[in-house]
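Okay, so here's the structure we're looking at.
Each chain gets a letter, A, B and so on, in the order its sequence line appears, and its residues count up from 1. Every heavy atom of this structure was used, including side-chain atoms; hydrogens, water molecules and symmetry mates were not.
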Amino acid sequence: MTIYAEMAAHLNAALDALETSGLLPAGLDRGPITLEPPRDASHGDMATNAAMVLTKGAGKPPRVLAEALAAELGALAAVARVDIAGPGFINLTLNDDAWRGELRQIQALGDDYGRSNMGGGMTVNVEYVSANPTGPMHMGHCRGAVVGDALAQMLEYSGHRVVREYYVNDAGGQVDVLARSVHLRYCEALGMDVGEIPEGLYPGDYLVPVGAALAAEFGDRFVGEGEGAWLALFRTRAVAAMLDRIRADLALLGIHHDLFTSEAEIQADGLPTAAECWLRAHDLVYDGVLDAPKGEVSEDWEPVELPLFRSSQFGDDQDRPIKKSDGSWTYFGADLAYHHEKAKRADALIDIWGADHAGTVKRIKAAVAALTGGKTRFDVKLVQMVRLLRDGEPVKMSKRSGNFVTLADVVGEVGKDVVRFTMLTRKADAQMDFDFARVVEATKDNPVFYVNYAHARAASMARRAAEAGVDYAAGDHGAIDLSHLDTIDLGLARIAATFPRMVESAATAREPHRIAFYLNDLAAAFHGWYNLGNDDPSRRVVQAENAEQTMAKLFLTSAIGQILRNGLHLMGVEPVDEMR
RNA sequence: GGCCCCGUAGCUCAGCUGGAUAGAGCAUCGGAUUUCUAAUCCGAUGGUCGCAGGUUCGAACCCUGCCGGGGUCACCA
């Protein structure tokens, strides 16, 4: 058990004791009680608000409760001192041995230090990327991809069963456009002069090989034929080719989905129809006419009766159509059926969307709440825009010419790990800049570098020690005497020990960026600790003439390296052992 | 105009779902290099948490109303 979990259990036992003694009534809600490191380290190692939170239910002043609790907690072996401060905080200071023990705990648990069963095996479906299968991945998709993947990783680590899902929008008009664009490339591959790609079709070169493959397979059978002869076939082939391409692009980032769900199949299976039936039966879908658009009225707008979902009952501006006037499903109509389907096979749903879809959050949340009876937690995580810069100047992008910055280009230029880490250095709902020059800078204001450097430094110290004749790897780690680590050294253990609770809170809040910030803090503490040896040689890690102390310091160093690795792993970033 | 996100030090941003004296990096100023890789570290300066109310033991965080920046307002996807 990690030390925070252990102390939380002690706190609970202390509260039980207070109930037994009659000071606390039984059955008070302990949910709001926290046990966390105080902001100000001079207040001790851990602080609890228990006395203040329970004062109302107990009908006793916080001071009285605090004193009783302090008496219980002060009796624990791990606790060096207890203080009651401010309006009723109970501050605990643990003795050094407790922190030495936690270091052993880190070493013993290794890659699993920080892993928990918080989720209790609950199944969480994370849908992310879901880019239209009409071309390669570009930078606009990148942030959501990384955030979704890190989130999935975190949830798994916290005891959830995670399904990583990609929703393939292969049923709309855009895939017909794709098929026509491919047909043109197909004709081109057969030697026809197709000239400029017409406005409204996808102009990108990436469709050239798709057309060529179809030409090789089918010869000139579909030249000069009407769409009826080839559209469906070309659509299927083109989508498959684009998905292969997308999978390959995602693989460059180390991202692999468990499940690709086809919108066309959702529709073919009749799921939207079933959902519509159910919603009509509950008076949440009705036939009605939309209001005219506000602002300038377009000339081809005319009132038409459509099946509408009552999203305005859930705070949306207006009710939303689930079918078009030609009888086909709108994106929303299919999407709500898709979410209903997902909710049947998961306990909680998470969607990662680009901020440009913010306007559609209310309707889908409303639909999911209605279809699941509000029983399924459903979070839509909006990921804000990324501005691409090069040396501070915005990178020009022209979508019209098909000349966008692809994900493959970016990963090729700066590397997978830099992209992944950088995308997590801002909380998802804040806009961010991605500057090609800055993300590869080897300075401390670049957290990618800074954290990696800390890990490399940890690894290099073991190498240095071996050169000096102290072989850490070959030593008996259980026999290392940690009394050589003093309070200053153990300051690192204090920070390291907060890793498990940080992971849990980040998973609960669905905020993977917290990992990146935590690692940056830990790296800073570690670099600072290392540099103490520059002013005071007796604080150096590697001291050939003092093998015992060196082993103890390496034990600490290696524990910090372990935490850095565990955190980087959650972010999908490879730790490096050496800086070059 | 409606909705969504943001507004915290000169700049870029954190702030652990309401806790104690609001924190980092950059920039500025002052220190530490015959290095356990100084690609680093230590110290100082710097804040009316956009504004005004409200909720309570306690608010940067929750509620209301304004102000400013961005996004979005299709039978598209």
5′-ward residue of the pair A:Asp356/A:Asn531 relative to RNA chain B:
A:Asn531

A:Lys56 atom NZ is separated from B:U55 atom P, nearest whole Å, by 14 Å

Evaluate A:Glu393 against A:Arg390 for salt bridge (Lys or Arg N to Asp or Glu O under 4.0 Å), listing each step before the verdict.
CA-CA 5 Å; A:Glu393 292 299 313; A:Arg390 197 176 283 280; over 6 Å; no

Just checking A:Asn534: base, sugar-phosphate only, or nothing, at a heavy-atom cut-off of under 4.0 Å?
base

Considering only NZ, NE, NH1 and NH2 on the basic side and carboxylate oxygens on the acidic side, decide whether A:Asp287 and A:Arg280 come within less than 4.0 Å.
yes

Considering every strand and a 4.0 Å limit on heavy-atom distances, what is the contact class for A:Gly315: base, sugar-phosphate, or nothing?
nothing

Any strand: nucleotide that pairs with B:A20 via Watson-Crick or wobble, under 3.5 Å
none

P atoms of B:G70 and B:A32, separation to the nearest Å
47 Å

For nucleotides B:G53 and B:C13, find the distance between their C1' atoms and express it as a whole number of Å.
29 Å

Expressed as a whole number of Å, how far does the C1' atom of B:C42 sit from that of B:C6?
35 Å

Charged N to carboxylate O under 4.0 angstrom, A:Arg235 versus A:Asp176?
yes

Which part of the nucleic acid, if any, lies within reach of A:Asp317 when heavy atoms closer than 4.0 Å are counted: base, sugar-phosphate only, or nothing?
base

Applying the 3.5 Å cut-off to both distances, the Watson-Crick or G-U partner of B:A59 turns out to be none

Given atom CD of A:Gln384 and atom C1' of B:C5, what is their separation to the nearest angstrom?
5 Å

Nucleotide forming a Watson-Crick or wobble pair with B:G43, both distances under 3.5 Å
B:C29

Re B:A74: Watson-Crick or G-U wobble partner, both distances kept under 3.5 Å, found to be none

Separation of B:U33 P from A:Asp535 CG (nearest whole Å)
8 Å

B:G30 versus B:U72 - spacing of their C1' atoms, nearest Å:
50 Å

For A:Tyr530, report the nucleic acid contact type (base, sugar-phosphate, nothing); a contact means any heavy atom under 4.0 Å.
base

For A:Phe526 and B:A39, give me the distance from atom CZ to atom P, rounded to whole Å.
16 Å

Could you tell me if A:Thr443 and A:Asp445 have a donor-acceptor pair between their side chains, going purely by distance under 3.5 Å?
yes

What do you reckon, do A:His357 and the base of B:A77 stack, with centroid distance below 5.5 Å and planes below 30°?
yes

Taking the nucleotide of RNA chain B with the nearest heavy atom to each, does A:Asn132 or A:Trp529 sit closer to the 5' end?
A:Trp529

Any base atoms under 4.0 Å from A:Gly533, or only sugar-phosphate, or nothing? Heavy atoms, all strands.
base

Applying salt bridge (Lys or Arg N to Asp or Glu O under 4.0 Å) to A:Glu504 and A:Arg501, what does each step give before you reach the verdict?
CA-CA 5 Å; A:Glu504 288 188 11; A:Arg501 57 189 304 279; over 6 Å; no

With a 3.5 Å cut-off and heavy atoms only, can you find an N or O donor on one side and an acceptor on the other between the side chain of A:Ser325 and the base of B:C75?
yes

Whole-Å C1' distance, B:G31 and B:G68:
41 Å

C1' atoms of B:A44 and B:A27, separation to the nearest Å
14 Å

Do nucleotides 11-26 of chain B as a string where each nucleotide becomes B, S or -: B if the base has a protein heavy atom under 4.0 Å, S if just the sugar-phosphate does, - if no protein is that close.
-SSSSBB-BB----SS

For A:Asp319 and B:C73, give me the distance from atom CG to atom C1', rounded to whole Å.
16 Å

Do we get A:Arg310 above A:Tyr286's six-membered ring, with its NZ or CZ under 6.0 Å from the centre and within 45° of the axis?
yes

Determine the contact category for A:Tyr518: base if any of its heavy atoms lies under 4.0 Å from a base atom, sugar-phosphate if only primed atoms, P, OP1 or OP2 are that close, otherwise nothing.
nothing

Could you work out the separation of B:U48 and B:A74 based on their P atoms and round it to a whole Å?
43 Å

Between A:Lys323 (NZ) and B:C75 (P), how many Å, whole number?
16 Å

Does the gap between the ring centers of A:His43 and A:Phe89 come in under 6.0 Å?
no

On the ring face of A:Tyr530, is A:Arg457 found with NZ or CZ under 6.0 Å from the centre and within 45° of the axis?
yes

Using 30° and 60° as the class boundaries, would you call the ring planes of A:Tyr167 and A:Tyr338 parallel, tilted or perpendicular?
parallel

Between OH of A:Tyr450 and P of B:U40 the distance, given in whole Å, is 8 Å

Taken to the nearest whole Å, CH2/A:Trp353 to P/B:A77 is 15 Å

Verify the neighbour count for atom CZ of A:Arg81: are there more than 12 heavy atoms of other residues, nucleotides or ligands below 6.0 Å?
no

Rounding to the closest angstrom, what is the interatomic distance between B:A14 and B:C26 at atom C1'?
14 Å

Any strand counts, and the cut-off is 3.5 Å on both contacts for Watson-Crick or G-U wobble. Which nucleotide pairs with B:G65?
B:C51

